[in-house]
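Here the structure is a predicted model, which means the values were calculated and not measured.
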Amino acid sequence: MNCMHCGAVLPVRAERCEYCGAATPYAKANLEEKLRQEKKDGLKSMKRVSGGMLLFLYFFSLGFYSCIWYILRSKSLNRLAPNKIRLPLWAACLYTFLIVSWFSLPQDFVRLGLGLSAEAIDDYFSLAFLLSFVLSLWLAFRVRSILQIYASQYLEKNVVVLSIASSGLMTVLFGALYLQFQVNKMISMELLNPDL
């Protein structure tokens with residue numbers, strides 16, 4: 001095999017020329033395969049979860065499943081639309097912290113006797129609830145946008161708007177639960193298929 005840039009003789013399957021550093025056709029094929037494998041690995045956490053299991057996880061965990069869902073899926077979701085919109089992991093972690101603190105800290109204040117008044121505890125409780133609600137909405141609509149942007153690569157825009165996470169009300173009411181149903185739908189439509 002010869003270098004296409006300088007003509008030097010190269011070993012078989014060399015990715016770069018030893019003399020001029022130019023990439024060979026073999027390097028380009030390897031790069032495409034590496035990118036394909038990275039995308040496939042990135043979509044592995046985008047799995048189908050049955051409806052019954054989703055409902056069980058959501059209600060059994062008292063809603064904590066939605067926090068965990070955003071954390072577990074953030075990397076895969078960010079690979080779906082890498083240059084358009086991202087789901088920051090810090091936001092998913094902050095949402096989890098707010099939910100956990102909303103459930104546990106006010107009771108700890110009372111139990112530990114930190115000298116806080118009932119009004120201060122109520123104010124904290126209200127603030128944590130409000131922040132977690134706003135962050136959950138932001139995360140849900142961010143994921144909805146990511147799924148729609150990804151689907152628009154394969155479907156016409158009007159089809160995407162009508163078929164992928166089309167209900168804003170369902171996004172508000174059920175968040176991660178509704179979005180996982182949409183991921184299941186996209187897998188059924190073969191839009192999300194890690195085997196491709």
Query raised in the report: Hey, any chance Val143 and Ile85 share a hydrophobic cluster, counting ILVMFWY side chains that come within less than 4.5 Å of each other, even indirectly?
Result: yes
Query raised in the report: How far does OG1 of Thr96 sit from CZ of Phe64, to the nearest 0.5 angstrom?
Result: 9.0 Å
**Report entry** Spatial distance of atom CG (Leu177) from atom CG (Leu57) [nearest 0.5 Å]
**Finding:** 9.5 Å
Query - Expected output: side-chain Asn78 to main-chain Pro88 donor-acceptor under 3.5 Å - result: no
Query raised in the report: Is there a side-chain contact between Leu155 and Met189 (heavy atoms, below 4.5 Å)?
Result: yes
**Report entry** Heavy-atom pair with the smallest gap, counting every atom of Arg142 and Arg86
**Finding:** NE-O, 2.6 Å
Query raised in the report: Which atom names give the shortest non-hydrogen contact between Ala140 and Gly175, and what distance separates them?
Result: CB-CA, 4.2 Å
Query raised in the report: How many angstroms lie between OG in Ser50 and CZ in Phe56, if you round to the nearest 0.5 Å?
Result: 11.0 Å
Report task. Apply the side chain to side chain contact (heavy atoms under 4.5 Å, CB included) test between Leu87 and each candidate in Ile71, Leu139, Leu80; give the one that qualifies. Result -> Leu139
Query raised in the report: Are any non-hydrogen side-chain atoms of Trp138 and Val134 less than 4.5 angstrom apart?
Result: no
Query raised in the report: For the side chain of Lys185 and the backbone of Leu179, is there at least one donor-acceptor N/O pair under 3.5 Å apart?
Result: no
Query - Leu127, Leu98, Leu137 screened by side chain to side chain contact (heavy atoms under 4.5 Å, CB included) with Ser132, the one that passes - result: Leu98
**Report entry** Where Ala151 and Met186 come nearest, the two heavy atoms and their spacing
**Finding:** CB-CE, 4.1 Å
Query raised in the report: CD of Gln148 to CD1 of Ile164: how many Å apart, nearest 0.5 Å?
Result: 8.0 Å
Query raised in the report: At what distance, to the nearest 0.5 angstrom, does CG of Leu89 lie from CG of Leu77?
Result: 11.5 Å
Query raised in the report: Is the closest side-chain heavy-atom distance between Gln182 and Arg144 below 4.5 Å?
Result: no
**Report entry** In one Ile/Leu/Val/Met/Phe/Trp/Tyr side-chain cluster, 4.5 Å: Phe60, Tyr178
**Finding:** yes
Query raised in the report: Heavy-atom distance under 4.5 Å between the side chains of Tyr70 and Ser136, does that happen here?
Result: no
Requested in this report: Could you tell me the separation between the CG atom of Leu135 and the CD1 atom of Ile99, rounded to the nearest 0.5 Å?
Outcome: 9.0 Å
Requested in this report: Indicate, with yes or no, if Phe133 and Tyr95 share a hydrophobic cluster defined by side-chain heavy-atom contacts under 4.5 Å among Ile, Leu, Val, Met, Phe, Trp and Tyr.
Outcome: no
Report task. Could you state whether Ile146 and Leu162 fall into the same hydrophobic cluster, counting links through intermediate Ile, Leu, Val, Met, Phe, Trp or Tyr residues with side-chain heavy atoms under 4.5 angstrom apart? Result -> no
Query raised in the report: Do you reckon Trp90 sits in the same ILVMFWY cluster as Phe141, going by side-chain contacts under 4.5 Å, direct or chained?
Result: no
